[in-house]
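Proteins come first, then strands; the chains are lettered A, B, ... in the order of their sequence lines, and each starts at number 1.
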There are 2 protein chains.
Amino acid sequence: MHSLLGNLKLQIPEKLFVKDPDSSDLGKRILTHSIILIESLGFENFTFKKLGLEIGSPESTIYRYFENKHKLLLYLTSWYWGWLEYKVVFATANVELAQRQLENAICAICETVKQDQNFSHINEELLQRIVISESSKAFLTKEIEQENKDGFFKSYKNLVERIVIIIRTLNPNYPHPKTLASTLLETNHMQKFFGSHLPSITDIGKDDEQVISYFKTMTLSMINYGK
Amino acid sequence: MHSLLGNLKLQIPEKLFVKDPDSSDLGKRILTHSIILIESLGFENFTFKKLGLEIGSPESTIYRYFENKHKLLLYLTSWYWGWLEYKVVFATANVELAQRQLENAICAICETVKQDQNFSHINEELLQRIVISESSKAFLTKEIEQENKDGFFKSYKNLVERIVIIIRTLNPNYPHPKTLASTLLETNHMQKFFGSHLPSITDIGKDDEQVISYFKTMTLSMINYGK
DNA sequence: GCATTTGTAATAGTAAAACTATTACTTTTG
DNA sequence: CAAAAGTAATAGTTTTACTATTACAAATGC
């Protein structure tokens, strides 16, 4: 995808930040370097102190933008899901055949990211690795119900809804479109993680084509099963 | 399942503990109460200090059994996967038809646990809830490669292998048996978690029958697709 | 039978992480 | 150009995760 859309800005739930990091240079530096640091250290080992050191500011400054590192992770994952929804919309626009739409959506979801020039301070390639390894930690908490009420998972739910619409077009009687859509998103990441770190429990290697063909078979065989 | 098997002891990777918690009363109390506490507080809020308070021992005593809370979580999840493998083996024993074996395995995997009397100091019902909400945190770390070498994920891999064998019996040419098996295990938990906490992204409610029928359709339609 | 070793647990720490209060400086705006 | 608002640095506190040391009890050896 080229930078046709210029300065596109993604909508992120307001309560996720104290001050919008997209509104200042320092905020953008925080985003850029938090992605680099979380990807390299892992979320557990990542601290605001280390981030402050990286950008040459004290940790207290980072607290001006994000209440804690959990909300920063929620911000980054929300950004990713919003960006992926935009990719899916783009990949399915002007496509007549619903089956073709689904195939294109699967490709958009599963393809390993290369730098997207539309958002220059966000490295989407690194961000995708973070989402694969860390995003589930953002919702597997005791606070999920409250955070859901606060709209923290809106981006994810929007993306699921997009895929559900395509599935419903293909077969309005298929009973589990939401389960299939959320499974698609989660399984894609999980299998990529296993492929990289626990290869003995997956058949999928580093190549995107394998996951894509697995999901095309899965979705189509399930949606049309007993139709 | 009744207590036909008496004092069955599950094999847990040795390096996961400093002293075998199954070898003393105190060790068993640590297991019992860590399950209760992790389930009620969530893994992030769980500390050895709180556990010590619960069992009336100082936290240092718990370090005699487990190096840190991460290894305790790995111990508990290993125990769970070992126990589930034993349930799967039990459910598929003496079943002739491979398709029937797979169906029984799916039921054993997906059914919500009620207390199993074979292991009196472990509350399997609570432990299953822990595995649903917390188990992925045990492998989504930067240390996964080393921990895999140390055998920490042996129980999980054994269980995947059991399911793979059944799938291969059904269709030796199916190209993704491992992916299907690990997806089955992970998706089961994920969909149950979504059903409880983010119901808008799943069609599955609190009833086990729905997940079970989803998986039976999924596995059978995929395994036989284009056969 | 008593000394030695081994097992077990309590006290009292340390280091780092997570987060906050206060102050100072800088920019905006009425 | 003064008041208000925005921004960042210093210097904290509290909590968590983990450790070193000591004390006591049980088992073992000669």
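In this structure, the ring of His197(A) has its center less than 6.0 angstrom from the ring center of Phe193(A). Taking the six-membered ring where the residue is Trp, the centroids of Trp79(A) and His121(A) are separated by 6.0 Å or more. Taking the six-membered ring for Trp and the full ring otherwise, Phe153(A) and Phe194(B) have centroids separated by 6.0 Å or more.
Between Lys15(B) and Glu147(B) no salt bridge is recorded (no basic side-chain N to carboxylate O distance below 4.0 Å). A salt bridge between Lys87(A) and Glu111(A) is present, with a side-chain N of the basic residue lying under 4.0 Å from a carboxylate O of the acidic one.
The listed nucleotides are dA17(C), dA9(D), dG13(C); the one nearest the side chain of Glu59(B) is dG13(C).
The distance between atom NZ of Lys49(A) and atom P of dA15(C), rounded to the nearest whole Å, is 13 Å. One can place CZ of Phe46(A) at 12 Å from C1' of dA18(C), the figure rounded to the nearest angstrom. At whole-Å resolution of the value, CZ in Phe17(A) and P in dT7(D) are 13 Å apart. Regarding Asn45(A), its CG atom lies at a distance of 11 Å from the P atom of dC18(D), rounded to whole Å. Between Ile55(B) atom CD1 and dA10(C) atom P the separation is 9 Å, expressed in whole Å. As a whole-Å value, the separation of Glu44(B) CD from dA18(C) P is 12 Å. For Lys50(B) and dT15(D), the NZ to P distance is 10 Å, given to the nearest whole Å. If you take CG of Leu53(B) and P of dT15(D), they are 14 Å apart, rounded to a whole angstrom.
Closest heavy-atom contact between Asn45(B) and Leu41(B): ND2-O, 3.0 Å. Shortest non-hydrogen contact noted between Lys178(A) and Val160(A) is O-CG1, 4.4 Å. Between Glu85(A) and Arg162(A) the shortest heavy-atom distance is OE2-NE, 2.7 Å.
For DNA chain C, the neighbouring residues in residues 60-77 of chain B, judged by any heavy atom under 4.0 Å, are Ser60(B), Thr61(B), Arg64(B). Annotation: proximity of residues 18-33 of chain A to DNA chain D (heavy atom, distance under 4.0 Å) is found for Lys19(A), Leu26(A), numbered in ascending order.
Of the options Tyr80(A), Phe152(A), Phe66(A), a ring pair (Phe, Tyr, Trp, His ring centres under 6.0 Å) to Tyr75(A) is made by Phe66(A) and by none of the others.
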